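Structure first, commentary second.
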Amino acid sequence: MCTLEKRGDLFHLTLTGDDEHRFHPDTIASVLSLLEQAKSQSTKGSVLITTGHGNFFSNGFDLAWAQSARHGAIERMHQMVKSFKPVLAALLDLPMPTIAALNGHAAASGLMFALSHDYVFMRKDRGVLYMSEVDIGLPVPDYFSALVVAKVGSGIARRELLLSGKKLKGEDAVALGIVDSAAHDSAEGVVEATVSLGESLAAKKWNGEVYASIRKSLYPELCRMLELTANNLATHNH
């Protein structure tokens with residue numbers, strides 16, 4: 001489902017396989033465990049790069065798994081929404097810069113996972129950002145909205161993302177200030193660009209705990225929603 005590999009200062013978290021990398025309870029647990037592993041192995045100058053194989057970065061929650069429970073479908077959706085929250089919290093709490101290299105489509109919770117990174121790079125040739133909730137009639141979890149408010153600067157961009165159901169290609173996403181770059185013609189190209197950025201950030205040899213505390217201070221409302229309070233951070237870190 002996913003792997004973590006350390007090359008020099010760079011941690012590479014990869015969503016493996018050629019499927020849609022949908023977030024199922026097992027995937028969520030696996031990603032969370034790898035983020036905890038990266039945190040425990042981090043040193044000054046560590047950087048995390050997250051990417052996927054195939055055509056999808058992640059197509060969101062595993063709705064088929066939820067619906068297969070029939071009467072328990074809503075309960076399963078709630079379970080995924082609740083268990084996904086610590087994944088985003090772990091990214092905001094990670095003591096290192098984080099970069100998402102979108103190899104393909106990022107939709108719904110898959111897009112929220114991407115936006116929880118400090119930098120987001122997309123491909124020029126393929127892949128869209130898509131918040132499907134308005135189209136499929138699902139409410140947006142409160143912490144998703146808080147993340148969009150924290151990370152997407154303009155009201156117009158937030159509207160395009162959450163209220164229009166638009167599938168945004170790289171160029172549009174850059175123009176709206178949602179991603180940093182979309183100048184890459186292949187999955188390899190995106191990863192190469194993020195590795196280049198990662199190496200320049202790693203060379204700064206920043207103190208990871210300080211980096212994480214500054215990051216969290218930028219998004220107080222989001223951190224409150226993710227239950228990343230000053231108290232549990234202090235206990236979390238010692």
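FYI, side chains are in, hydrogens and waters are out, and symmetry mates aren't considered; it's all heavy atoms of this structure. All figures in this text were calculated on a predicted structure; none of them were measured in a lab.
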Open item on the list: Closer than 4.0 angstrom, basic N to acidic O: yes or no for D185 and R123?
Closed with: no

Task: Expected output: side-chain D18 to main-chain H53 donor-acceptor under 3.5 Å - done: no

Task: Modelled atom types, side-chain donor and acceptor of N59 and Y130, under 3.5 Å - done: no

Task: Exercise: identify the closest heavy-atom pair between L226 and K85 - done: CD2-CG, 3.5 Å

Open item on the list: Just checking K166: does its NZ atom have more than 12 heavy atoms from other residues, nucleotides or ligands closer to it than 6.0 angstrom?
Closed with: no

Open item on the list: Taking the basic N atoms (NZ, or NE/NH1/NH2) and the acidic carboxylate oxygens, is any pair closer than 4.0 Å for R215 and D93?
Closed with: no

TODO: Please report the C-alpha distance between L92 and L228 in whole Å, then the side-chain angles of each, then the deciding distance to 0.1 Å, and finally whether the side chain to side chain contact (heavy atoms under 4.5 Å, CB included) criterion is met.
DONE: CA-CA 9 Å; L92 283 167; L228 276 174; 3.9 Å; yes

Open item on the list: Quick check for you: to the nearest 0.5 Å, what is the distance between L94 atom CG and S46 atom OG?
Closed with: 8.5 Å

Task: Heavy-atom check, side chain of Y143 versus side chain of L88, under 4.5 Å - done: yes

Open item on the list: Could you tell me if the side chain of L115 sits less than 4.5 Å from the side chain of V152, heavy atoms only?
Closed with: yes

Open item on the list: So W206 and L201, do their side chains get closer than 4.5 Å, heavy atoms only?
Closed with: yes

Open item on the list: For K205, is the NZ atom crowded, meaning more than 12 foreign heavy atoms sit under 6.0 Å from it?
Closed with: yes

Open item on the list: Quick one, N55 with R126, criterion side chain to side chain donor-acceptor pair (under 3.5 Å). Give me CA distance, side-chain angles, the key distance, then yes/no.
Closed with: CA-CA 8 Å; N55 294 331; R126 68 182 311 161; 3.2 Å; yes

- [ ] Please answer: with hydrophobic residues joined when any side-chain heavy atoms are less than 4.5 Å apart, are Y211 and I49 in the same cluster?
- [x] yes

- [ ] Check for a donor-acceptor pair, side chain of K151 on one end and backbone N or O of G153 on the other, with a separation under 3.5 Å.
- [x] no

- [ ] Indicate yes or no: does E36 engage K39 in a salt bridge with an N to O separation below 4.0 Å.
- [x] no

Task: Distance in Å, D172 CG paired with K167 NZ, rounded so as to fall on 0.5 Å steps - done: 14.0 Å

- [ ] Determine, using the 4.5 Å side-chain heavy-atom cutoff (strictly less than), whether L63 and V81 are members of one ILVMFWY cluster.
- [x] yes

Task: N/O donor-acceptor pair under 3.5 Å between T194 side chain and A101 backbone - done: no

Task: Linked, directly or transitively: V31 and L91 (ILVMFWY side chains, under 4.5 Å) - done: yes

Open item on the list: Looking at every non-hydrogen atom in both residues, tell me the closest pair between G165 and D135 and how far apart they are.
Closed with: O-OD2, 3.7 Å

Task: Pi-cation contact, W65 with R76 (under 6.0 Å, within 45°) - done: yes

Open item on the list: So does Q79 get a backbone contact from the side chain of S83, meaning a donor-acceptor N/O pair under 3.5 Å?
Closed with: yes

TODO: For L111 and A106, work out which heavy atoms get closest and say how close.
DONE: CB-O, 3.7 Å

Task: Cationic N near anionic O, under 4.0 Å, K169 to E171 - done: no

Open item on the list: Could you tell me if the side chain of L168 sits less than 4.5 Å from the side chain of V128, heavy atoms only?
Closed with: no

Open item on the list: The criterion is side chain to side chain contact (heavy atoms under 4.5 Å, CB included); which residues satisfy it with D19, sequence neighbours excluded?
Closed with: H21

Open item on the list: What I'd like to find out is whether the side chain of M96 reaches to under 4.5 Å of the side chain of V47, using heavy atoms alone.
Closed with: no

Task: Rounded distance (nearest 0.5 Å) linking atom CZ of F121 with atom CG of L197 - done: 5.0 Å

TODO: Look only at the side chain of S109 and the backbone of M112, and say whether a donor-acceptor pair between them is shorter than 3.5 Å.
DONE: no

Open item on the list: I need the Q67 CD to D62 CG distance, nearest 0.5 Å.
Closed with: 9.0 Å

Open item on the list: Restricting to non-hydrogen atoms, name the atom on D125 and the atom on S186 that form the minimum distance, rounded to 0.1 Å.
Closed with: OD1-N, 3.9 Å

Open item on the list: Are the side chains of L48 and L13 in contact, using a 4.5 Å heavy-atom criterion?
Closed with: yes

Open item on the list: I'd like to check H12 versus L4 (side-chain heavy atoms, cut-off strictly below 4.5 Å). Are they in contact?
Closed with: no

TODO: Determine whether L129 and L162 fall in the same hydrophobic cluster, where Ile, Leu, Val, Met, Phe, Trp and Tyr are linked whenever their side-chain heavy atoms lie under 4.5 Å apart.
DONE: yes

- [ ] In sequence, state the C-alpha distance, the side-chain angles, and the governing distance for S116 and L147, and then conclude on side chain to side chain contact (heavy atoms under 4.5 Å, CB included).
- [x] CA-CA 7 Å; S116 298; L147 176 66; 3.6 Å; yes

Open item on the list: Is there a path of hydrophobic side-chain contacts, each under 4.5 Å between heavy atoms of I/L/V/M/F/W/Y residues, joining V191 to M122?
Closed with: no

- [ ] Find the distance between OG (S30) and CE (M1) and round it off to the nearest 0.5 Å.
- [x] 4.5 Å

Open item on the list: Show every ring-ring contact (aromatic ring centres under 6.0 Å, His included) that has at least one partner inside residues 81-115, sequence neighbours left out.
Closed with: F23-F84, F23-F113, F56-H105, F57-F113, F61-F84, F113-H117

Task: Carboxylate-amine/guanidinium proximity below 4.0 Å for R158 and E160 - done: no

Task: Pairwise distance CE(M131) to CD1(I136) - rounded to 0.5 angstrom - done: 10.0 Å

TODO: Of all the heavy-atom pairs spanning S58 and L15, show the shortest one and how long it is.
DONE: CB-CD1, 4.5 Å

- [ ] Determine whether L163 and V134 make a side-chain contact, defined as any pair of heavy atoms from C-beta on separated by less than 4.5 Å.
- [x] no

TODO: Dump the intermediate steps for side chain to side chain contact (heavy atoms under 4.5 Å, CB included) on H78 and I74, then the final yes or no.
DONE: CA-CA 6 Å; H78 284 313; I74 291 172; 3.5 Å; yes

Open item on the list: Looking at every non-hydrogen atom in both residues, tell me the closest pair between D9 and A202 and how far apart they are.
Closed with: CB-CB, 3.7 Å

Open item on the list: Treating T14 as the side-chain partner and C2 as the backbone partner, does any N or O pair qualify as donor plus acceptor under 3.5 Å?
Closed with: no

- [ ] Flag yes if more than 12 heavy atoms outside K82 fall under 6.0 Å of its NZ atom; otherwise flag no.
- [x] no

Open item on the list: Can you confirm whether I156 is buried at CD1, in the sense that more than 12 heavy atoms of other residues, nucleotides or ligands lie under 6.0 Å from that atom?
Closed with: no

